[in-house]
Visitor: 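Got a structure for you, questions after.
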Amino acid sequence: MDRINKYIASCGVCSRRKAEEYVLSGRVKVNDIIIKDLAYKVKEEDIIKIDDNIINKEEKKVYIMLNKPKGYVTTSHEQFGRKSVLDLIDEDVRVYPIGRLDMYTEGLLLLTNDGDFANKLMHPKNKIAKKYIVTSKEKITQNQKELLESGVNIGDYITRPAKVNILTNNQFEIIISEGKNRQVRRMCEAVRVNLTNLKRIQIGNINLGNLQTGKYRYLSDEEIKSI
Ligand code: URA
């Protein structure tokens, strides 16, 4: 762990030199005891105060794109012993998934420790578009395409307009700007499309590209700003 003056500086409070002055002049407390020893090394559980105000280490913001494999859950607290996407992330800071992908859905999943960024992406008013590739047993008909595009009843909700592009005899892309639970699967069920695979490939302007399944990378500044 860091020495006390380095730790204080890393909290963004002041420079290391200034922090030394604070320590030597008795303005710094560790767990409510004044510490004047510059060699003191801060422990994880220590509560550091300057002039009786608690200071916290500024956490580095991390923005990650993962190509989620099938068979992994996106919940942070997995209770049933299933594999979690968090097992695939090796970072010093804790990140959490932005939104969900079903256990058997693969593809683009964003993770972060930046709550504002996550909120922006998730808030329905921002209507961020998400693109999925659906693999189906049979080619979808023109009628099914039109139904998916104009909105379908998925039980408790009528979906907003979507865009469908037919790619091949058994694949099409669908772009939706909302995120109801299992929405694409339920839309396909509603119009009797036999979905055999579901993969998310884009969120807003952020594209999965050729990232390998199970691998992750940091978002670029441009990608972060695009949200
Ligand atoms: N729609 C689904 O059906 N499942 C997902 O994981 C995401 C969107």
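Numbering of ligands and ligand atoms starts at 1, following listing order. In what follows, every heavy atom counts, from backbone to side chain, and hydrogens, waters and symmetry copies are set aside. Numbers here are sequence positions counted from 1.
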Visitor: Tell me, do Gln171 and Ile133 make a side-chain contact under 4.5 Å, heavy atoms counted?
Guide: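 Yes. Closest side-chain heavy atoms under 4.5 Å.
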
Visitor: In a check of side chain to side chain donor-acceptor pair (under 3.5 Å) between Thr105 and each of Arg185, Arg200, Arg100, Arg182, which one passes?
Guide: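 When side chain to side chain donor-acceptor pair (under 3.5 Å) is applied between Thr105 and each of Arg185, Arg200, Arg100, Arg182, only Arg185 qualifies.
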
Visitor: Is there a path of hydrophobic side-chain contacts, each under 4.5 Å between heavy atoms of I/L/V/M/F/W/Y residues, joining Val191 to Phe172?
Guide: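 Yes, same cluster.
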
Visitor: Just need the protein heavy atom nearest to atom 6 (O) of ligand 1, so name the residue and atom and give the distance.
Guide: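 The protein heavy atom lying closest is Asp102 N, 2.8 Å.
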
Visitor: Main chain of Tyr72, side chain of Arg82: is a donor-acceptor contact present, judged purely on distance under 3.5 Å?
Guide: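 Not at all, since once roles are kept as given, no pair shorter than 3.5 Å links the two residues.
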
Visitor: Tell me: protein heavy atom nearest atom 1 (N) of ligand 1, and distance?
Guide: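 Among all protein heavy atoms, the one nearest atom 1 (N) of ligand 1 is Val184 N, 3.1 Å.
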
Visitor: Against heavy atoms of Thr105, which atoms of ligand 1 measure under 4.0 Å?
Guide: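 So the answer, numbered in order with elements, is 4 (N), 5 (C), 6 (O).
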
Visitor: Can you sort out which atoms of ligand 1 are near Tyr132, meaning under 4.0 Å from one of its heavy atoms?
Guide: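 Selected atoms, number and element: 7 (C), 8 (C).
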
Visitor: For the ring pair Tyr63 and Tyr218, is the centre-to-centre distance below 6.0 Å?
Guide: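 When the ring centroids of Tyr63 and Tyr218 are compared, they turn out to be at least 6.0 Å apart.
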
Visitor: If we only count N/O pairs under 3.5 Å, is Arg182 in contact with ligand 1?
Guide: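 Among all N and O atoms of Arg182, at least one is under 3.5 Å from an N or O of ligand 1.
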
